Structure formats: C-alpha cells, structure tokens
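Here is the structure we will look at.
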Amino acid sequence: MAIVLFRVDERLIHGQVVIGWGHQLWPDRYILVDDELATSDWEQELYQLGAGGAGVVFSTTESARSRIAEWREAGERSILLTRDIDTMRRLAEDGILSGERVNLGGIHHGPGRDEVLNYLHLTAADRESLKAIAAEGVEVSARDLPDSHRVSLQTLLKG
Amino acid sequence: MSRDLPRRVVAATFARSFLIQGSWNYHTMLGSGFAFAMLPGLRRLFGSDPDQMDAAVARHLEHFNAHPYLSNLALGAVLRLEADGSDPEAIRRFKVAVRGPLGSLGDALVWATWLPAVAVLALSLYWLGAPGWAAALFFVLVYNVGHIGLRAWSFRLGLAAGRDVGRHLGKTDLTGWTARLEPVLVGSLGLLVGSALAGRGGLVESGGVWVALAAAGFLVGMFGGHRVWRPAAALTVAAIGLVALFGVWQ
Amino acid sequence: MDILRVGALGGLLGLDGTAVGQFMVSRPLVAGVLAGWMLGVPALGGLIGGILEVYLLVSFPTGGARFPEGATATVVAVAAAAPFDGAGVVPLGVAVGLVWGQIGGASVTAQRHLNSRLVPESGDVAHDGSRVVVAHVAAILLDFVRGTLVTMSGVIVGRVALSWLTQHWPLSTGPSIGLVLVGGAVSAGVLLHDLGGFRKRRLWFVAGLALGIVGTRFL
C-alpha cells in the first residue's frame, strides 16, 4: 500500500506533518486534495516550499477519487492530506477508502467549533461527516503526532 | 494606495516579533501575538479611523501559527500588504497559505537541524574536556548568530516581497540548507557519542557493562524512533529510584 | 532563601522557551550552567545540564505539541542536587529533573488553555488594540509566575527527597554516571533515527565517532 497516511489537517503541510510524521514514514510525496488550492498558483508555490524535499501533488476532490487506485499501486510512498473533514468524506464516498485508516490532525478553534482535543475542534456537521466516513468502512481516529496517544472516533463523538 | 512605513514602525514591529509567542493559546495559537506585533503598523495606517482600525486588529487576531523565527516573513509581508492597501480577504488568504509552509520549513531547519547541530557540537566540546560554561557560551553565541540572522533576513524579505515571498523563498532553498546541515549534525552526533564514551568521566570509565548497556540503548533508540523516548526516560527514572530505594533498604 | 532566586531564574528561563525571544538559553546545557553558577556549584550544573541536554535533544517544540519543559526541569535538577554530596547527586538530580520536566510540560499546556480565555478573538470588539496589548503582556507575566512556581515547588520536593536518598546511595561515581548515560544513549539513537538512520548516514557518523574517541586522547 503506497498511501502511507490519510490525514485531515487544516494547515496541510506544516511542521507536525513534515517532521513529526514525515520523519517516521519517509514519504516521497504529499498529495494535497483541495478544490481551491488546485487552481491557485501562488498558493501552490507556498505549499511546495514546506515539503522538505518531497514532491507535492495538488488535486481536486473529483480527480483524486479517480486517481486513488493509481496512487495506491505506485512505487512512491504518499501522504494524502485534506484541509477539512468534508473533503475527506467526499473522497471516501462509495467505499473508495474502505479498509483504510484516516487520521485527524489539527483543526483549530473557530465559530461553531467545540474543542474536542487541544488540536481538534469540531462542528456538528463535522461529526456527521466523521460518522459518514466511518460508515464507508474507514477506521477514523485522532492523533496529532506519531508518538502521541491515539483517540478513537467513539471517544471523539462522546466528548 | 501604497504608503511608506517610517523606520520607527518597522523597527518596532521587528522588536515585537520576539514576543510573537507571548500569548500562545489553543484557540488562535500565535493569532494574538501576530496582532500584537502588527499594532504599531496598524496604528500608523488606520489609527485615524476607529472603524478601520477595529477591522484591521480583528483580522490579525485570527488563527496563525508558524515557526516563531520564520513568522517574521509573514509579518513583514503582511505589513507590506497592509501598507499597499491590499484587499483584506487577499491578506487573510495569504496568511492561511503561508502559515503551514513557514511552520514546516522552520521546524525542519531550526528545531530539527540547527538547534540539535549546535547543541550536539557544544555537548561534544564538553565531553572533550571544555568547561561547562565554555560549552554553554559556545552554544548560545553560535546558535543565536543563526537565530537572529534568520529573523532579520526573513523580516526584510517579507517586507520587500509582499505576497510573492513564495517565489523568493523558493530561490533561497532553505530546504537545501537543511539538507546540507544534516550530515554535519550526524557527524557531530558521532563526535558526541565517541567523546561521551572515551572522555573524562565518560562511559568507558564507568565500566564495560555500562558501555554495553548504552550501546543497546542507542540501538533501541535508532530502530524504535520517537515512541521509545518516553518509555526510556521513564525507565531511567524508575531505575534510579530502585537503586536509591535499594540503598535505603540496605 | 536561595529558593526564591532559583525560582526567578527558572521563571525567566522558562519564558525563553516559548513566550519571549527563544534565544534558547532555556536549553538544559545553558540553564544548568546558569543554575550551577548561581548556587556556587558550576561543575555540577554543567554536568547535570549536559546530561539533560542529551535527553532533550529530540524533544523540540514542533507546532505546539506537548514536550517536557527543559528550563525549569534543569534548574530544579541542579538546585535539588546542589546542597548535597556523594555519587548519588547526579543521577538523583537528573531523575528529579526528568519528572519535573513532565510537570513543567503539563503546566505549559494548562497556561496555553488559560491564554485561550485571556486573548481577544476576531469576533470581539478590539477598540484601538489596547485589549490585545493587555492580554498579551498579562500572558507573558503569568508565564513567568508559572515557571517560578513550578521551579520552586520542584526544588522543595527535590531537596527533601535528595536529603534522604543521597545518604543511602549505594553506587560509586562510575556506575552512577553510567546509569544516566544509558538513557541518554537512547536519545542519541532516536536523533540518528530522525536523521535517516545509521545506514543512510554511516560515513559521517563513523567519522565523527572516530574523531571523538581519538580527540579525548589528546585533549
């Protein structure tokens, strides 16, 4: 399996991802699935800078859905990131991510968001999306860094 | 509309950048610190209009997080964008896009490479026989040449480039610098291990058993990575505690 | 009364960790030397700081993740060990430091939660920005108070424990240092792991290793 991590992280490529996870998983490339970012050159320039020598692929959600199989079979190791939970839900529709694990990283505080963990703030819609992802046969859990404690979806939805 | 920023305002912003993490919090992270650092510039640009000023402070209170030294790139660039009268929504999008890359570039260059490289070199000096104060002084001086240099350089670059910092930063190749520093760090780590083994008061003087145990510990760390750090530290504390209690019991 | 002075030192160095400057005078090596110098035990301060520095080499403050607080931990370790003699002061001081590093780390997390309530957010009416200044400065002062209290409590607890345990410490100096260096060796291994492991970097590592071993023979 060549997609070594599926993660939701508002900041996409940043220190926790590139050093925290990158230095454990040694990815060859990051796949950023985000509809807006896929069409913005100057923003892509910025995100490419932070990848620490690994490649960066930008993709819309639709195109990502059709390329997941190809990425899985590729020789390169990829970390796939989305900015929000809803994008990951759309990616997971029709069992495309069935059998995978989705990791929840940082989503910060904002209007309508409750603190669930230090690094994770969810809206009511987020909670529904998480249930929908789990219903597609995906194991969802939160963990900011590889050596921190993994929190299961059940615990997240209780809090 | 583009307006000049007096030297005084630029200098005040740079000085405040050293406090950008002063109110680090889980809601906006560096958001409040970013607004704090922007205040001299915002007062200069919008101070005469309370409504504009309120809106400007509010948009810089939003979530921000990056490496503290490289935050200066965003700070300089945003100061430039505000002075140029850029659209607030464009400024917001710029801050959102720039925070992650500045975080990962800075973490890789500073926290994961520059800091350990200078610290490991200083520790090697110590185990090679330099007094503690000399090793500490070496660390503080060398480390901060890089630190303050990086803050000043990134602030100036941001101020000059505005939204195009991505392109300019790409040419500087900070990732390449990180990659070039890594072998130096590995070599220094070898130096530290060698000197802590053979140095005065080092492991060889403690005895063969300790050399063997330390070698085993090193291998566990090398293969296990970060997840073994906490158990190893806990085990060390437990071992010291057990030895102490054994002494008391005797 | 040196507990007050030591507490203030821990508070000041703790500030450097996050809130003010990040000149890295909060690193254990520097904090150990400063605490040792303040308490008249410079050699002990350097040694304990040097050992804790090795432990915390791999614990850098990435993206606000929780990490042991090196500054207060080191000041606590040195100040707890300073009044006592014997081979046990170094390992027992280091142990107290490692434990207090976790408590310091937890207090940093608590302070960051407190800051969340303290700082104005974009929805709040900001007026001329004075509220930002008040909250920001208050957070920095609170962080100093936090670091001072963490340090003072650690020194008191550490000194009580060490006054008892150092008297009965059963090992001589060699094994006592060996004991703490084994844990440090794990950290050094983790750092090499982070840099790509031995296989990727063996030339540089072995060259450094050889230089280190040879170097100790000449210096």
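Naming convention: chains lettered A, B, ... in sequence-line order (proteins, then strands); numbering from 1 in each chain. Just so we're clear, the structure is a prediction, and the values are computed from it rather than from any experiment.
Comparing B/Gly225, B/Ala108, B/Gly176 by how many heavy-atom pairs each has under 4.5 Å with chain A, the most go to B/Ala108.
Closest of all the heavy-atom pairs between B/Ala112 and A/Ile19 is CB-CD1, 3.8 Å.
Heavy atoms closer than 4.5 Å to chain A are found in both the backbone and the side chain of B/Val96.
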Compile the donor-acceptor pairs, distance criterion under 3.5 Å only, formed between chain A and chain B.
| from | atom 1 | to | atom 2 | distance (Å) |
| --- | --- | --- | --- | --- |
| A/Glu43 | OE1 | B/Arg93 | NH2 | 2.3 |
| A/Glu43 | OE2 | B/Arg93 | NH2 | 3.4 |
| A/Glu45 | OE2 | B/Arg167 | NE | 3.4 |
| A/Gly50 | O | B/Ser104 | OG | 2.6 |

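Applying the side-chain contact (heavy atoms from CB on, under 4.5 Å) test between A/Leu49 and each of B/Leu169, B/Leu102, B/Val165 identifies B/Leu169 as the sole match.
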